[in-house]
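This one's a predicted model, so the numbers in the text were calculated from it and none came from an experiment. Below, each value reflects all heavy atoms present in this structure, side chains not excepted, and no hydrogens, waters or symmetry copies.
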Amino acid sequence: MRNENRLMPYDPYEMEQQEWKKQQVKERAKQLLTIISPIFILLLWELFSQTGILDIRFFPPPSAIISTFFELAANGQLMTHISVSLYRIAAGFLLGVIPGVIIGLLMGLYAPIRHFISPIVMAFMPIPTLALLPIIIILFGIGDFSKVVTIAGSVFFPVVINTVAGVMNIERVHLDVAKNYGASSKDFFFKIAFPGALPVMLEGIQMGQAIALLTIVAAEMMGATSGIGYLIWTSYKAFMLKEMFVGLVLISFFGFLFSLFLRGLQKKIVPWR
């Protein structure tokens with residue numbers, strides 16, 4: 001009896017296409033879950049507020065918070081607070097990240113620099129930057145620059161630590177090959193240390209952006225006359241809780257947005273991670 005079943009010819013290209021499509025479906029599912037989760041929380045919050053499970057005096061429903069958001073946006077007050085806070089966050093973030101990356105690369109590459117700076121970093125890192133805020137205000141005043149310095153100080157340490165760790169984790173063979181071929185200090189810095197430390201460095205930058213958002217709220221509660229943190233604090237003191245929740249939701253939204261941006265950037269820069 002002849003077996004008429006024949007095996008289909010193996011097509012590597014077709015198999016690769018199917019695997020790619022599966023990966024795309026998984027990525028879309030992950031993105032969908034990322035979008036659905038905050039919406040689910042808001043719907044649950046609305047339901048509990050409307051049914052009386054949550055006391056609306058302390059937890060106003062999201063619909064009321066959204067209405068308050070548009071009221072604050074209409075009179076221009078909200079955009080002022082948002083623009084001021086975003087400026088402080090961006091300036092402080094850059095002021096902390098850029099020196100943090102440079103010093104971290106130098107510490108990772110050169111042992112004398114690492115041994116000299118490490119005790120200073122270890123001594124100051126456990127001190128919350130907000131604890132130094134009175135000294136920062138004395139030195140730089142109560143203007144924007146003191147808030148920028150406060151954020152920069154908070155961002156600096158995780159970036160330095162992760163950058164050093166990234167450089168130290170570079171396989172020794174890469175450094176030896178570069179040295180044998182007579183690579184200059186510039187080549188070591190930009191072609192070996194920087195790309196080699198980039199994956200771990202980006203994790204530190206991701207951590208830094210979260211710390212920047214935490215710091216700006218606390219910094220604007222002291223010695224500030226504008227900003228999202230100022231809005232949260234003054235609304236709380238006046239028991240205007242809907243306005244307070246508008247500020248809290250804005251901080252949460254910007255944290256979510258910045259995190260998505262940095263993750264997308266990480267996928268573009270280090271796609272093998």
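Minimum heavy-atom separation, Leu250 to Phe69: CD2-CE1, 4.1 Å. Here the closest heavy-atom approach between residue Ala165 and residue Val200 is recorded as CB-CG1, 4.3 Å. Of all heavy-atom pairs between Gly204 and Asn162, the closest is N-ND2, 3.3 Å. The minimum heavy-atom distance between Pro158 and Ile211, with the atom names listed, is CG-CD1, 3.8 Å. Heavy atoms only, all atoms of each residue included: Val164 and Gly104 are closest at CG2-O, 3.5 Å. Heavy atoms only, all atoms of each residue included: Ala219 and Lys147 are closest at O-CE, 3.5 Å.
Residues Leu213 and Val217 are not in side-chain contact: their nearest non-hydrogen atoms beyond the backbone lie 4.5 Å or more apart. Within the 4.5 Å cutoff, the side chain of Ile127 has heavy atoms near those of the Leu132 side chain. For the pair Met221/Ile232, a side-chain contact is recorded, criterion being any heavy-atom separation below 4.5 Å from C-beta on. You'll find the side chain of Ile161 reaches within 4.5 Å of the side chain of Met125, heavy atoms only.
With values rounded to the nearest 0.5 angstrom, Trp45 atom CH2 is found 14.5 Å from Phe40 atom CZ. Taking CD1 of Ile103 as the reference point, atom CD1 of Ile113 lies at 10.0 Å (rounded to 0.5 Å). Taking OG of Ser37 as the reference point, atom CZ of Phe256 lies at 6.5 Å (rounded to 0.5 Å). Atom CD of Gln206 sits about 11.0 Å away from atom CZ of Phe261, to the nearest 0.5 Å. We find the CD1-CG distance between Ile39 and Leu44 to be 13.5 Å, quoted to the nearest 0.5 Å. Atoms CG and CZ, from Leu106 and Arg114 in turn, are 11.5 Å apart once rounded to the nearest 0.5 Å.
Residue Phe116 is grouped with residue Phe124 when hydrophobic side chains (ILVMFWY) are merged at heavy-atom distances under 4.5 angstrom, including chains of intermediate members. A continuous path of hydrophobic side-chain contacts links Leu54 to Ile66 [ILVMFWY only; heavy atoms under 4.5 Å]. Criterion: ILVMFWY side-chain heavy atoms under 4.5 Å apart, direct or through other members. Under it, Leu231 and Phe253 are part of a common hydrophobic cluster. Hydrophobic clustering places Val155 together with Val121 (ILVMFWY residues linked when any side-chain heavy atoms are closer than 4.5 Å, directly or through intermediates). Taking hydrophobic clusters as Ile, Leu, Val, Met, Phe, Trp and Tyr residues chained together by side-chain heavy-atom distances below 4.5 Å, Leu257 shares a cluster with Leu42.
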Please list, one pair per line, the donor and acceptor atoms closer than 3.5 Å that link side chains of residues 70-95 to other protein atoms, with sequence neighbours excluded.
unit_1, atom_1, unit_2, atom_2, d
Asn75, OD1, Gln77, N, 2.9
Asn75, ND2, Glu71, O, 3.4
Thr80, OG1, Gly76, O, 3.1
His81, ND1, Gly227, N, 3.0
His81, ND1, Gly227, O, 3.3
Ser83, OG, Met79, O, 2.9
Ser83, OG, Thr80, O, 3.0
Ser85, OG, His81, O, 3.2
Ser85, OG, Glu220, OE1, 3.0
Ser85, OG, Glu220, OE2, 2.9
Ser85, OG, Ile228, N, 2.7
Arg88, NE, Asp144, OD1, 2.9
Arg88, NH1, Glu220, OE2, 2.8
Arg88, NH1, Ser226, O, 3.1
Arg88, NH2, Asp144, OD1, 2.7

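The backbone N or O of Val159 sits less than 3.5 Å from a side-chain atom of Thr163, completing a donor-acceptor pair. Between the side chain of Glu46 and the main chain of Ser63, a donor-acceptor pair closer than 3.5 Å is present. With hydrogens and angles disregarded, no donor-acceptor distance shorter than 3.5 Å links the side chain of Ser154 to the backbone of Thr129.
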Does the side chain to side chain contact (heavy atoms under 4.5 Å, CB included) test come out yes or no for Arg57 and Leu241, once each step is laid out? CA-CA 8 Å; Arg57 293 175 301 172; Leu241 295 189; 6.0 Å; no

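Taking a 6.0 Å sphere around CZ of Phe258, one finds it holds more than 12 heavy atoms contributed by other residues, nucleotides or ligands. Heavy-atom contacts from other residues, nucleotides or ligands closer than 6.0 Å to CD1 of Ile56 number 12 or fewer.
Between Tyr230 and Trp233, the ring centre distance reaches or exceeds 6.0 Å.
Using a 30° and 60° split on the angle between ring planes, Phe245 and Phe59 fall in the tilted class, from 30° to 60°.
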